[in-house]
Amino acid sequence: MARAGLTPERLVRAGAELADEVGFDQVTVSALARRFDVKPASLYSHLRGSQDLKTRIALLALAELADRGALALAGRSGKDALAAFADVHRDYAREHPGRYAAARHRLDPATAAASAGVRHARMTRALLRGYDLAEPDQTHAVRLLGSVFHGYASLELSGGFDHSAPDSDTSWARVVDALDALLRNWPAP
């Protein structure tokens, strides 16, 4: 019999909080059971295992990122939209490092196709319409933005920019300026 009050949603939220505290790689059904002071077996009526828990946390993180992205992009275009969208990634990584790592968790194709990652990709493409990029350059630009946003956030989270001037905020602003300039002047093939 399942313990009263435990639901898949509550467990996933608690797993996401645990990921932010100890790191996404450390999230397991056993660690989550300790948080609720229950035996791991009692969670298996809600979760299939640690991989299922991690997938569900990844889906939550993708949904949260997509929701934030939609709010940030509303009414914006061009560089203003680019900066707002970039800040969504950086801010989310800073506020929720474990969830941010979860958003990069590999999903099987069917799960990925049904996830908020699709909304996120559409928003990125919508942002890029302001730069008038045709295919395949639009896909190249989507990949570039994802790489820069993720790379910068990951390096910043690991302390990679802590030991030199200028400060990370100044560099971030210049990175966004450079991305805007590149997108406005995309090189011909």
Side-chain angles (χ1 to χ4, degrees), residues 1-72 84-124 142-143 145-163 167-169 171-172 175:
M1 181 174 182
R3 184 175 190 133
L6 293 182
T7 64
E9 294 78 18
R10 185 171 178 216
L11 293 171
V12 170
R13 288 251 170 231
E17 292 169 9
L18 183 62
D20 288 338
E21 293 166 16
V22 302
F24 182 64
D25 291 341
Q26 302 303 311
V27 173
T28 63
V29 170
S30 295
L32 189 59
R34 285 190 294 276
R35 177 164 280 217
F36 286 99
D37 196 28
V38 299
K39 295 195 182 305
S42 66
L43 301 186
Y44 286 104
S45 62
H46 303 291
L47 302 166
R48 291 187 306 274
S50 293
Q51 190 60 32
D52 179 43
L53 174 60
K54 287 184 172 189
T55 296
R56 290 175 187 229
I57 295 169
L59 294 172
L60 172 69
L62 288 169
E64 289 176 345
L65 268 169
D67 291 345
R68 285 183 178 205
L71 287 172
F85 200 59
D87 286 346
V88 163
H89 289 82
R90 185 175 181 226
D91 293 345
Y92 190 79
R94 288 168 146 183
E95 293 167 29
H96 301 291
R99 292 179 208 201
Y100 186 75
R104 301 292 170 254
H105 182 67
R106 183 181 286 269
L107 301 173
D108 66 73
T111 303
S115 77
V118 175
R119 274 180 53 215
H120 196 274
R122 285 187 192 132
M123 283 185 281
T124 306
V142 167
R143 292 172 180 169
L145 293 179
S147 298
V148 171
F149 298 163
H150 176 64
Y152 197 97
S154 296
L155 288 168
E156 187 173 48
L157 284 175
S158 69
F161 305 135
D162 291 350
H163 308 293
D167 64 86
S168 187
D169 290 339
S171 291
W172 181 247
V175 165

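Source: prediction; values computed, not measured.
Nearest approach of Tyr100 to His89, heavy atoms of both residues: CE1-O, 3.9 Å. For the pair Ala102 and Ile57, the tightest heavy-atom approach, listed with the atom from each and the gap, is CB-CG2, 3.7 Å. Looking at every heavy atom in both residues, Val38 comes nearest to Leu43 through CG2-CD2, 3.9 Å. Residues Ala101 and Phe24 approach most closely at CB-CB, 3.9 Å, considering heavy atoms. For the pair Gly69 and Val88, the tightest heavy-atom approach, listed with the atom from each and the gap, is N-CG1, 4.0 Å.
Residues that satisfy the salt bridge (charged side-chain N to carboxylate O under 4.0 Å, His left out) test with Asp169, not counting sequence neighbours, are Arg90, Arg94. Scanning for side chain to side chain donor-acceptor pair (under 3.5 Å) contacts around Ser154 gives His150, with sequence neighbours left out. Partners of Asp25 according to the salt bridge (charged side-chain N to carboxylate O under 4.0 Å, His left out) rule, which considers only residues two or more places apart in sequence or in another chain, do not exist here. Applying the ring pair (Phe, Tyr, Trp, His ring centres under 6.0 Å) rule to Tyr92 yields the partners His96; only residues at least two apart in sequence or on another chain are considered. In terms of the salt bridge (charged side-chain N to carboxylate O under 4.0 Å, His left out) criterion, residue partners of Arg119 (sequence neighbours excluded) are, by chain and number, Asp67. The side chain to side chain contact (heavy atoms under 4.5 Å, CB included) test applied to Val22 returns Leu18, Gln26, not counting sequence neighbours. Under the salt bridge (charged side-chain N to carboxylate O under 4.0 Å, His left out) criterion, Glu17 pairs with Arg35, sequence neighbours left out. With sequence neighbours excluded, the residues satisfying ring pair (Phe, Tyr, Trp, His ring centres under 6.0 Å) with Phe161 are Tyr152. Gln51 is linked by a side chain to side chain contact (heavy atoms under 4.5 Å, CB included) to Thr55, His105, counting only residues two or more places apart in sequence or in another chain.
Sorted by first then second residue, the salt bridge (charged side-chain N to carboxylate O under 4.0 Å, His left out) pairs that include residues 40-66, not counting sequence neighbours, are Arg13-Glu64, Arg48-Asp52, Asp52-Arg56, Glu64-Arg99.
Atom CG in Leu65 sits 8.5 Å away from atom CZ in Phe85 (nearest 0.5 Å).
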For residues 109-117, please give each side-chain donor-acceptor pair under 3.5 Å, one per line with the distance, not counting sequence neighbours.
residue : atom : partner : partner atom : Å
Thr111  : OG1  : Asp108  : OD1          : 3.1
Thr111  : OG1  : Asp108  : OD2          : 2.8
Ser115  : OG   : Ala112  : O            : 2.8
Ser115  : OG   : Gly117  : N            : 3.0

